[in-house]
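Here's the structure, in structure tokens; my notes come after.
Read the numbers this way: they start at 1 and go in the same order the structure lists the ligands and their atoms.
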Amino acid sequence: MENIVSEKRSLLYPDHVGLIMDGNGRWATLRSLERKEGHYEGIKAAKRVTREAASLGIPYLTFYVFSTENWSRPQKEVDYLMDLLANNLFSEIDFLKKVGAKVLVRGDYSKLNNGVRHALKATIQATASHTKITVVLAINHGGHDEIVRSVNQWLKGRQGDELINEEAIRNHIDLPFIPPVDLIVRSGGEKRLSNFMLWDAAYAELAFYDTLWPDWDGKLFKEACEEYGQRTRQWGGVK
Ligand code: IPE
Ligand code: IPE
Ligand code: MG
């Protein structure tokens, strides 16, 4: 009986959760630490959430790591974030293997420095055979930029005066084989999307939590997924 109940509940979990990991800087400032310490702690929170998502059987997670707008931060902070990726990603291979997580990247790769590109490529390659969960890192990602790049990609194969349509835009965004996001969770209290996955967020459920990102754990992530399970998605229709 218990099995049937848990099986039913798990059916209500989202297939794809997007995480806007906000509040790292405030977490550090509250502790009189430098902002970078908050980013470092944020990695641990992302690992806790990944572990929980895998154990709940959620197949896709997208973490908003660095936005197209984040380049406007002080150079020192941008450099730290890039170094964090370049130096720490590949060392998580054991963790990713244990969890069964395949890593992919969403965003404009071409603007990242060699060190980051190399770390990302190596991590993607080393995790390509993992099948439990797909973890997408949105890096130099912006919803507007993704749509513009999609349209430009489509234009390369345009026939005559053909007009673009929704299906064509969807087919040319980054990682088109990943289903649209079901639930977007934002930590840190702000209630906005900050240019995250705009095309695929069209019908996403949104959830905002005050808890700062470095304080996130598996329990809170599970609560967010369960709360999603209580919602009715209407898709513009009548239920
Ligand atoms: C989010 O935390 C992490 C990134 C944008 C990389 P913030 O750095 O935005 O933290 P707050 O919002 O300033 O507290
Ligand atoms: C969103 O957080 C971007 C990431 C989490 C990577 P920001 O802190 O950059 O967003 P704003 O400035 O509050 O909109
Ligand atoms: Mg912020």
Side-chain angles (χ1 to χ4, degrees), residues 16-50 53 60-89 92 103-113 115-117 119-120 123 135-149 173-175 178 181 183-201 204-217 220-221 224:
H16 183 179
V17 183
L19 293 133
I20 302 178
M21 306 184 282
D22 197 23
N24 292 351
R26 279 164 285 163
W27 184 94
T29 305
L30 275 169
R31 289 162 179 77
S32 309
L33 299 169
E34 284 187 63
R35 288 176 57 84
K36 66 179 188 182
E37 304 293 341
H39 296 313
Y40 188 75
E41 283 300 314
I43 298 181
K44 297 183 194 164
K47 287 171 71 179
R48 291 191 290 270
V49 165
T50 300
Y60 303 100
L61 277 189
T62 298
F63 288 107
Y64 203 2
V65 176
F66 192 89
S67 75
T68 47
E69 286 68 39
N70 286 150
W71 297 108
S72 69
R73 294 188 174 206
Q75 192 59 41
K76 202 176 100 185
E77 181 163 343
V78 171
D79 289 347
Y80 180 79
L81 286 165
M82 292 300 150
D83 287 351
L84 208 55
L85 283 168
N87 301 331
N88 289 287
L89 201 55
E92 296 300 345
V103 173
L104 294 174
V105 175
R106 184 167 191 147
D108 188 356
Y109 245 67
S110 65
K111 308 260 159 48
L112 303 171
N113 70 39
V116 177
R117 283 220 301 266
L120 290 172
T123 309
V135 172
V136 179
L137 304 178
I139 302 175
N140 192 24
H141 164 87
H144 282 180
D145 176 68
E146 187 173 77
I147 295 166
V148 169
R149 285 188 294 107
I173 61 169
D174 294 341
L175 311 179
I178 303 248
V181 61
L183 170 66
I184 294 177
V185 171
R186 182 172 186 142
S187 63
E190 305 294 351
K191 294 177 180 63
R192 54 178 169 257
L193 290 178
S194 301
N195 203 10
F196 184 52
M197 297 227 292
L198 296 185
W199 187 269
D200 269 356
E205 295 293 325
L206 308 177
F208 300 98
Y209 289 81
D210 287 337
T211 306
L212 302 172
W213 179 252
D215 289 328
W216 272 65
D217 58 15
L220 187 51
F221 177 76

- Message: Evaluate Asn88 against Glu92 for side-chain hydrogen bond (donor to acceptor under 3.5 Å, both in side chains), listing each step before the verdict.
- Response: CA-CA 7 Å; Asn88 289 287; Glu92 296 300 345; over 6 Å; no

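Note: Leu89 CG to Ile139 CD1 = 7.0 Å, rounded to the nearest 0.5 Å.
Under the 30°/60° scheme for interplanar angles, the aromatic rings of Trp216 and Tyr209 are found to stand perpendicular.
Judged by distance alone, the side chain of Asn140 and the main-chain N or O of Gly107 form no donor-acceptor pair under 3.5 Å. A donor-acceptor contact shorter than 3.5 Å links the side chain of Arg117 to the backbone of Leu112.
Looking at Leu193 and Ile184, their side chains come closer than 4.5 Å, going by heavy atoms from C-beta outward.
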Name each N or O atom in ligand 1 that is under 3.5 Å from a protein N or O, and give the partner atom and the distance.
| unit_1 | atom_1 | unit_2 | atom_2 | d |
| --- | --- | --- | --- | --- |
| ligand 1 | 2 (O) | Gly23 | N | 3.3 |
| ligand 1 | 2 (O) | Asn24 | N | 3.2 |
| ligand 1 | 8 (O) | Arg35 | NH2 | 2.9 |
| ligand 1 | 8 (O) | Arg73 | NH1 | 2.7 |
| ligand 1 | 9 (O) | Asp22 | OD1 | 2.9 |
| ligand 1 | 9 (O) | Arg73 | NH2 | 2.8 |
| ligand 1 | 10 (O) | Gly23 | N | 3.4 |
| ligand 1 | 10 (O) | Asn24 | N | 3.1 |
| ligand 1 | 10 (O) | Gly25 | N | 2.9 |
| ligand 1 | 12 (O) | Asp22 | OD1 | 2.8 |
| ligand 1 | 12 (O) | Arg26 | NE | 3.4 |
| ligand 1 | 12 (O) | Arg26 | NH2 | 2.9 |
| ligand 1 | 13 (O) | Arg35 | NH1 | 3.0 |
| ligand 1 | 13 (O) | Arg35 | NH2 | 3.2 |
| ligand 1 | 14 (O) | Gly25 | N | 3.3 |
| ligand 1 | 14 (O) | Arg26 | N | 2.7 |
| ligand 1 | 14 (O) | Arg26 | NE | 2.8 |

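The 12-atom threshold is exceeded at OH of Tyr80, counting heavy atoms of other residues, nucleotides or ligands nearer than 6.0 Å.
Ligand-side atoms of ligand 2 in range of Arg192: 11 (P), 13 (O), 14 (O), range being under 4.0 angstrom from any heavy atom.
Scored by the side chain to side chain donor-acceptor pair (under 3.5 Å) test, His39 finds Asn24, Glu77 as partners (sequence neighbours excluded). Every residue two or more places apart in sequence or in another chain that forms a salt bridge (Lys or Arg N to Asp or Glu O under 4.0 Å) with Asp108 is listed here: Lys111.
A salt bridge links Arg106 to Asp200: one of the charged nitrogens lies within less than 4.0 Å of a carboxylate oxygen.
For the Mg ion (ligand 3), the count of nearby protein N/O/S atoms, taking only those under 2.8 Å, is 1.
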